[in-house]
Amino acid sequence: MNEFRADLHIHTCLSACAEVEMIPPLIVDEALRKGLHIIAVTDHNAVGNAAAVMEAAVGSGLWVMPGMELQCQEEVDVLCLFDTLEQAQAWEAQVRAVALPFRHDADRFGPQYRVDAEGDFIAEDDSFYQGPAQIPLEEAAAAVHALGGLFIPAHIERPMKGLLGVLGLWPAQLRADAAELSPNLRPSAARQRFRLPPELPLITSSDAHWLAIIGSVMTIFVLEGPPSIAELRRALRGEGERRVVVP
């Protein structure tokens, strides 16, 4: 069994709310400096910079998961994580098909940059990623699972865009692989404070929008094999000696 330190919620400069310093080589360097083994790229409703971060990490020993922070129809944020870029892009196509038909206002919300593996500018993206995609929470979970991904509601206790803050309860029929807590909330406190399914795994991530925050909060996965979606899912389920630890 081996321990892998993971931060599964990191934004790049494609997210309008992220700093311009969130470019692939600097993200990879900071993750390695913090001793991480696994990171996930989770821009809002988009995966456009995931390939560049994956390329920047080649040969470094850091496993980069392509993903997305989806805002679903209920205005709840969810981490959607995948093994391959092709899976992530297939999910992005589904999300784009139900996106709100607006253009991004960079003057109001900040620019959205697509960059290459060296962090060099490719294009400014004017797609509207800030609002809710018109796909219900449970339908999104089924679609992500059909593609082989993990479905993890993000910062669940937050009043805005957190599942519990928005809905007021955990939906009984929701098939989530785990739930993410905000950095300042411990799993033991969350279980005392909220009525959560007892079998629901809890993780923490940094939700990094600037470099210094990467790895400031993490989850440790104890895995039998090399990192993969299947191994992470087995650890979340506690299969064999696999387990998940929030330091």
Side-chain angles (χ1 to χ4, degrees), residues 4-57 60-71 77-81 88 92 104-131 152-162 165 180-186 203-220 246-247:
F4 296 88
R5 293 187 288 275
D7 187 347
L8 302 184
H9 191 166
I10 296 176
H11 294 267
T12 79
C13 54
L14 183 56
S15 292
C17 48
E19 296 295 329
V20 71
E21 66 182 4
M22 295 299 281
I23 60 174
L26 297 185
I27 290 171
V28 170
D29 286 349
E30 186 68 13
L32 293 171
R33 192 176 74 82
K34 295 291 181 57
L36 296 174
H37 306 103
I38 303 170
I39 64 171
V41 179
T42 53
D43 287 311
H44 294 289
N45 286 6
V47 303
N49 278 347
V53 182
M54 295 169 75
E55 183 179 345
S60 70
L62 180 70
W63 183 44
V64 179
M65 302 170 65
M68 171 192 294
E69 184 175 20
L70 168 74
Q71 186 179 158
D77 282 352
V78 183
L79 304 178
C80 307
L81 310 178
E92 182 184 48
H104 178 68
D105 185 344
D107 292 332
R108 182 177 179 184
F109 298 109
Q112 301 175 151
Y113 295 122
R114 291 178 179 263
V115 293
D116 63 19
E118 286 72 42
D120 292 329
F121 175 83
I122 293 176
E124 188 168 344
D125 193 330
D126 66 352
S127 298
F128 187 71
Y129 298 132
Q130 303 303 309
I152 303 175
H155 41 67
I156 59 171
E157 82 287 354
R158 288 186 187 173
M160 294 183 63
K161 302 182 184 178
E180 181 201 56
L181 305 175
S182 294
N184 59 348
L185 182 61
R186 302 296 299 170
I203 69 168
T204 57
S205 311
S206 70
D207 191 7
H209 288 69
W210 60 94
L211 289 172
I213 301 301
I214 293 173
S216 60
V217 179
M218 67 181 74
T219 299
I220 297 174
V246 175

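A quick note: this is a predicted structure, and the numbers were derived from the prediction, not measured.
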For this session: Could you tell me how the ring of H209 sits relative to the ring of H44: parallel (under 30°), tilted (30 to 60°) or perpendicular (over 60°)?
Result: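 Ring orientation of H209 relative to H44: tilted.
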
Polar side-chain atom of [X] near backbone of [Y] as donor-acceptor pair, under 3.5 Å:
X: H104; Y: G110; answer: yes
X: H9; Y: S206; answer: no
X: S205; Y: D7; answer: no
X: N45; Y: G131; answer: yes

For this session: Determine whether H11 and D43 make a side-chain contact, defined as any pair of heavy atoms from C-beta on separated by less than 4.5 Å.
Result: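 Yes, their side chains come closer than 4.5 Å.
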
Nearest non-hydrogen partners of [X] and [Y], listed with the distance:
X: V115; Y: F121; answer: CG1-CA, 4.2 Å
X: A56; Y: P24; answer: CB-CB, 3.8 Å
X: P247; Y: R186; answer: O-NH1, 2.6 Å
X: V47; Y: G67; answer: CG1-O, 3.2 Å
X: A88; Y: P66; answer: CB-CB, 3.8 Å
X: A46; Y: E92; answer: CA-OE2, 3.5 Å

Could you state the interatomic distance from [atom1] ([X]) to [atom2] ([Y]), rounded to the nearest 0.5 Å?
X: C13; Y: L26; atom1: SG; atom2: CG; answer: 10.0 Å
X: M160; Y: H155; atom1: CE; atom2: NE2; answer: 10.5 Å
X: D77; Y: I156; atom1: CG; atom2: CD1; answer: 12.5 Å
X: I23; Y: T12; atom1: CD1; atom2: OG1; answer: 10.5 Å
X: E180; Y: E69; atom1: CD; atom2: CD; answer: 7.5 Å
X: I27; Y: M22; atom1: CD1; atom2: CE; answer: 4.0 Å

Could you pull out all donor-acceptor pairs under 3.5 Å where a side-chain atom in residues 212-220 meets a protein atom, sequence neighbours excluded?
residue, atom, partner, partner atom, Å
S216, OG, I213, O, 2.7
T219, OG1, T204, N, 2.9
T219, OG1, T204, O, 2.8

For this session: Only one of I38, I39, D207 passes side-chain contact (heavy atoms from CB on, under 4.5 Å) with L8; say which it is.
Result: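 Of I38, I39, D207, side-chain contact (heavy atoms from CB on, under 4.5 Å) with L8 is met by I38 alone.
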
Exercise. Partners of Y129 by side-chain hydrogen bond (donor to acceptor under 3.5 Å, both in side chains), sequence neighbours excluded?
Worked result: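 Testing Y129 for side-chain hydrogen bond (donor to acceptor under 3.5 Å, both in side chains), a comparison that skips the adjacent residues, returns R96, R114, D125.
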
Exercise. Side chains of E157 and S182: donor-acceptor distance under 3.5 Å anywhere?
Worked result: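 There is such a pair between these side chains.
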
